[in-house]
J.: 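Take a look at the following structure, please.
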Amino acid sequence: MRFPVTRLRRLRRNENLRRMVRETFLTVEDLIYPMFVVPGSKIKEEVSSMPGVYRFSVDELVKEVMEVSSLSIPAIILFGIPESKDEAASGAYSEEGIIQKAVKAIKKEVPEIIVITDVCLCEYTSHGHCGVIKDGEVDNDITLELLAQTALSHAEAGADIVAPSDMMDGRVAAIRSALDESGFKNTPILSYAAKYASTFYGPFREAAESAPQFGDRRSYQMDPPNALEALREVALDIEEGADIVMVKPALSYLDIIRMVKDEFGYPTAAYNVSGEYSMVKAAAQKGWLDERKLVMEILTSIKRAGADLILTYHAKDVARWLKEN
Ligand code: PBG
């Protein structure tokens, strides 16, 4: 039926009508809050390129997690900055490592919150790459053993979900069998399945001190122009045992989120990454855009694209705004 019988504006005339036909709702259940933990005590330092995001020592982190939990955010994802780095990334899988300590402390004080740990080596290697270097290249298969060891040590410390973000081939299977062999058959894997070699990670690398010291990550993270390859990445991770699959970054990859959701119908996460956050903050600080409306529009669009879960540095603000509404 066409105009003038059909008038699509009829259902847009006021807020209650709009609410009644709204197709997508962002809820606090969708949110996962990323957090950075550093050695030491009484530390809460702001990341200069990410206003409102801090690096916490374990004691301060626990307090912050209490606040996150009181906002009804169901989950956090942890990134660790170790005391020292080496070629073998030993800080990643040490029982006394920064993540292992943080997880234990959080699970003791705030047991209900879902603690997800990022499983990667880049914060722990002296060269900043996500794997072990052999003959000038990131060696896939040697790296798998260390990733499996890292994931297992996180589970032993009490992590509820492990999230490999390295993009090595075969890591989900390696982690799944390491967990299963040690009695962690119920620990889910959230895999960064389609992770692109993106410029949007810039501010994160400042926060996590994880910029590669030579070269870049393009030999393991995906080439941004590729979409069909993302489906192959996700298919493999699901075959290897991933429970939740992630697309990263989110905003420039909404098409990938939609394809992954339609193709697999799996629980799908999207990472609204550091650079996406910093751009919003910068524009808001300049008074160029309304931060609250902008964030809600962005996160709702990620959900509309098919994401069930959104990792976002805006999570605390959003949780507060949702409560106010
Ligand atoms: C570790 C990792 C990165 C991010 C999450 N896990 C950085 C990278 O791959 O260089 C980026 C998150 C963000 O930008 O917010 N490999």
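Counting starts at 1 for both ligands and their atoms, in listed order. Not measured: the values here are computed from a predicted model.
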J.: Hey, are the side chains of Val53 and Glu46 touching, using non-hydrogen atoms and a 4.5 Å cut-off?
T.: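 The answer is no, as the side chains (C-beta and beyond) never meet within the 4.5 Å cut-off.
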J.: May I ask you to say whether Glu45 pairs ionically with Arg55, meaning some side-chain N is under 4.0 Å from a carboxylate O?
T.: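 Looking at Glu45 and Arg55, the cut-off is met.
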J.: Tell me whether Glu123 has any N or O atom under 3.5 angstrom from an N or O of ligand 1.
T.: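 No, no N or O pair falls under 3.5 Å.
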J.: Take every heavy atom of Met167, measure it against each atom of ligand 1, and state whether any distance is under 4.0 Å.
T.: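 Contact absent.
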J.: Are the ring centres of Phe56 and Phe36 closer than 6.0 Å?
T.: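 No; Phe36 has its ring centre 6.0 Å or more from that of Phe56.
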J.: As an exercise, identify every atom of ligand 1 less than 4.0 angstrom from a heavy atom of Arg217.
T.: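 Counting from 1, the qualifying ligand atoms are 8 (C), 9 (O), 10 (O).
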J.: Below 4.0 angstrom from a heavy atom of Tyr271, which ligand 1 atoms are there? Numbered from 1 as shown, please.
T.: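 Near Tyr271, the atoms of ligand 1 are 12 (C), 15 (O).
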J.: For atom 11 (C) of ligand 1, what is the nearest protein heavy atom, given as residue, atom name and distance?
T.: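 Protein heavy atom at minimum distance: Lys248 NZ, 2.8 Å.
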J.: Looking only at heavy atoms, is any part of Ser274 under 4.0 Å from ligand 1, and if so is it the side chain, the backbone, or both, or is it neither?
T.: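 Within the 4.0 Å criterion, Ser274 contacts ligand 1 through backbone and side-chain atoms alike.
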J.: Closer than 4.0 Å to some heavy atom of Cys122 - which atoms of ligand 1 meet that?
T.: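 Counting from 1, the qualifying ligand atoms are 1 (C), 16 (N).
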J.: Centroid-to-centroid, Tyr313 to Tyr33, below 6.0 Å?
T.: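 Ring centroids of Tyr313 and Tyr33 are no less than 6.0 Å from each other.
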J.: Look at atom 2 (C) of ligand 1 and say which protein heavy atom is nearest, naming residue and atom and giving the distance to 0.1 Å.
T.: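 Its nearest protein heavy-atom neighbour is Lys195 NZ, 3.3 Å.
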J.: Do Lys195 and Tyr271 form a cation-pi contact, if we require the NZ or CZ to be under 6.0 Å from the six-membered ring centre and within 45 degrees of the ring's axis?
T.: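 The answer is no; the distance or angle limit is not met.
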J.: Looking only at distance, does Ser210 have an N or O less than 3.5 Å from an N or O of ligand 1?
T.: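 Between Ser210 and ligand 1 (N or O atoms, distance only) the closest approach is not under 3.5 Å.
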J.: Answer side chain, backbone, both or neither: which part of Cys120 comes under 4.0 Å from ligand 1, heavy atoms only.
T.: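 The side chain, only.
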J.: Using a 4.0 Å heavy-atom cut-off, say whether Asp118 meets ligand 1 through its side chain, its backbone, both or neither.
T.: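 Contact part for Asp118 vs ligand 1: side chain (C-beta onward).
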J.: So, 4.0 Å and heavy atoms of Tyr277: is ligand 1 close enough to count as a contact?
T.: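 Not so, Tyr277 does not reach ligand 1.
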J.: In terms of atom number and element, which parts of ligand 1 are under 4.0 angstrom from non-hydrogen atoms of Tyr313?
T.: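 Those qualifying, in numeric order: 12 (C), 13 (C), 15 (O).
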J.: Is Asp308 salt-bridged to Lys303, cutoff N-O under 4.0 Å?
T.: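 Looking at Asp308 and Lys303, the cut-off is not met.
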J.: Centroid-to-centroid, Phe214 to His129, below 6.0 Å?
T.: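 They qualify: ring centres under 6.0 Å apart.
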J.: So which heavy atom on Thr117 is nearest to which on Ile99, and how close?
T.: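 Reported closest heavy-atom pair: CG2-CG2, 3.8 Å.
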J.: For ligand 1, which atoms have a heavy atom of Arg205 less than 4.0 angstrom away?
T.: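 Within the 4.0 Å cut-off of Arg205, ligand 1 contributes 8 (C), 10 (O).
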J.: Pick out which of Ile161, Leu179, Val119 makes a side chain to side chain contact (heavy atoms under 4.5 Å, CB included) with Ile189.
T.: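 Of the listed options, the one satisfying the test is Leu179.
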